[in-house]
Asker: 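Can you read through this structure? Questions will come right after.
Each ligand, and each atom within it, is numbered from 1 in the order the structure gives. Here the structure is a predicted model, which is why all the values come from computation and not from measurement. In what follows, every heavy atom counts, from backbone to side chain, and hydrogens, waters and symmetry copies are set aside.
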Amino acid sequence: MQEINTLWNIVLEKLKLSVADVSFVMWFKPLKVVDLNDDNVLYLATKSTFAKNQVLKNYFDRLKSAVEEVFGDNVEIEILDPSEEVAYISKNNPKTAIKDLEANKNPFNPKYTFDNFVVGKSNQTAYAAARAVAENPGKSFNPLFIYSGVGLGKTHLLHAIGNYIKETKPNLKIKYVTCEQFTNDYIESLGSAGKTKTYSEFRDKYRSCDVLMVDDIQFISKKTSTQEEFFNTFNDLHQFGKQIIISSDRPPKEIETLEERLRSRFTMGLIQDMQPPDFETRVAILRKKCQIEKYSISDEAISCIAEQIDSNVRALEGMLAKVCFLSGLLGKTTADLSDVSEAFNNKFEEKNQSGSTSDQIISAVCEYFSISREDMVGKKKSKEIVEPRMIAIYMISEMLDLPLVSIGKIFGGRDHTTIMHARDKISSEVKTNRKIQTFVSEIKKMLTSG
Ligand code: ADP
Ligand code: MG
């Protein structure tokens with residue numbers, strides 16, 4: 001079926017060159033391939049009986065010769081009106097489902113939806129703007145310009161808009177390209193033979209859409225002609241209320257090669273940035289990915305990944321996949337902290353340069369305050385226990401390169417926020433409180449002396 005569609009598209013290209021634009025749009029473009037059966041009959045569906053008759057009466061010869069050129073001389077053509085199409089499909093159940101045709105054309109990743117996008121403080125306004133544009137294309141923010149560092153969800157949001165519009169307004173024509181594709185398309189349209197034709201095809205392609213998305217516009221070349229072309233495309237679309245959505249890794253004012261007039265076009269709508277997600281959002285994103293990819297992984301392991309990678313969601317996802325992959329190699333059903341450690345190449349070795357381990361630090365603190373190890377990592381909340389415990393936590397996090405979740409695990413499975421709180425508390429007291437200062441330095445001496 002894939003090949004038939006490809007061939008049919010070539011037939012359409014040929015027809016487009018051989019008839020007036022209006023005729024092409026009215027009679028040829030709406031034709032749908034229903035089937036190419038074993039007897040080499042190509043079944044084409046029209047939108048109405050009237051259309052069927054028009055094609056038969058005025059355009060059949062042209063259609064036939066284009067089809068023969070592409071599919072071969074022995075192919076017959078059968079034109080169906082809508083009721084004949086339904087009858088044909090129900091009788092013959094052709095593999096050539098029209099749905100495939102549509103599906104193959106969908107440039108949007110089905111996983112990049114609004115539902116799969118985790119919203120946090122760092123991206124909520126960008127998300128809201130993208131939704132508004134998806135719900136009312138051309139009527140809210142135009143253009144919508146989204147920028148952020150790499151791997152923070154720009155492409156995801158663009159695809160989410162695309163998926164949403166495809167579903168709610170299937171008749172709208174959406175064109176999604178990377179800036180690079182736009183540039184290449186444009187250059188190709190100028191370079192090949194039969195220049196004017198291909199350039200006008202390029203023009204048609206970009207100016208006939210209702211929604212144009214250009215991903216990673218920062219790559220727009222210094223070539224003024226490409227910028228000029230984009231400027232004209234932009235104006236044409238904008239003037240007719242067509243939605244334009246642009247993404248970039250930096251705001252318009254920082255794209256050095258951008259011409260002033262394009263820059264000012266971009267500021268006509270809404271310019272919205274996204275920041276790296278905070279810890280809670282990172283955890284939520286990881287959970288979401290687990291749900292989508294059906295990964296099984298412990299909460300501790302998730303927190304640990306979220307704690308270690310904080311500036312790039314793609315890297316976050318990559319690490320999650322690696323952890324689950326490694327865990328699977330070991331035959332485990334659920335990935336845990338040791339798999340995370342493995343995935344980070346055992347970066348969390350529990351030792352600092354002077355050779356102290358978390359175990360030795362805990363022993364030293366217990367000895368210094370004369371409390372038992374059991375109490376140290378246990379649940380008791382009396383002051384005599386809590387303070388030494390917080391000091392031990394502080395010292396471990398200062399002296400070792402351990403993730404907070406791992407420290408939490410050492411202390412009887414405490415939450416990483418508890419660990420963070422203890423660390424921060426002692427860390428500020430050490431600066432002001434003489435007594436605490438002394439405790440810490442004496443314990444350090446115990447550790448180095450033996
Ligand atoms: P960018 O285009 O900004 O470089 P992408 O859109 O390609 O980033 O995002 C990289 C990966 O991170 C994608 O797999 C995307 O699904 C994921 N991602 C980014 N932000 C989020 C989020 N808020 N919720 C869920 N997934 C996200
Ligand atoms: Mg991207």
Asker: Check for me: within less than 2.8 Å of the Mg ion (ligand 2), which protein N/O/S atoms show up?
Answerer: Thr155 OG1

Asker: For ring-ring contact (aromatic ring centres under 6.0 Å, His included), just list the numbers for Phe108 and Tyr164, CA-CA rounded to whole Å, side-chain angles, deciding distance to a tenth of an Å, and then say yes or no.
Answerer: CA-CA 10 Å; Phe108 302 116; Tyr164 187 93; over 10 Å; no

Asker: My understanding is that only one of Ile407, Leu400, Ile393 makes a side chain to side chain contact (heavy atoms under 4.5 Å, CB included) with Ser358; could you say which?
Answerer: Leu400

Asker: Short question: side chain of Asp216, backbone of Ser247 - any donor-acceptor pair under 3.5 Å?
Answerer: no

Asker: Cation-pi between Lys175 and Tyr206: NZ/CZ under 6.0 Å from ring centre and within 45° of the ring axis?
Answerer: yes

Asker: Would you please classify the geometry between the Phe28 ring and the Phe24 ring as parallel, tilted or perpendicular, with 30° and 60° separating the classes?
Answerer: tilted

Asker: Look at the rings of Phe279 and His416 and say which category their plane angle falls in: under 30° parallel, 30 to 60° tilted, over 60° perpendicular.
Answerer: tilted

Asker: Could you tell me if Arg265 sits above the aromatic ring of Phe231, with its cationic atom closer than 6.0 Å to the ring centre and no more than 45 degrees from the axis?
Answerer: no

Asker: Using a threshold of 4.0 angstrom between heavy atoms of the protein and any atom of ligand 1, which residues qualify?
Answerer: Tyr112, Asn116, Phe117, Val118, Asn123, Ser148, Gly149, Val150, Gly151, Leu152, Gly153, Lys154, Thr155, His156, Ile285, Lys289, Val313, Arg314, Glu317

Asker: State whether the side chain of Glu254 and the backbone N or O of Pro251 hold a donor-acceptor pair below 3.5 Å, judged by distance alone.
Answerer: no

Asker: Quick one: do Tyr127 and Phe114 satisfy ring-ring contact (aromatic ring centres under 6.0 Å, His included)? Show the steps, please.
Answerer: CA-CA 8 Å; Tyr127 172 86; Phe114 284 124; 5.6 Å; yes

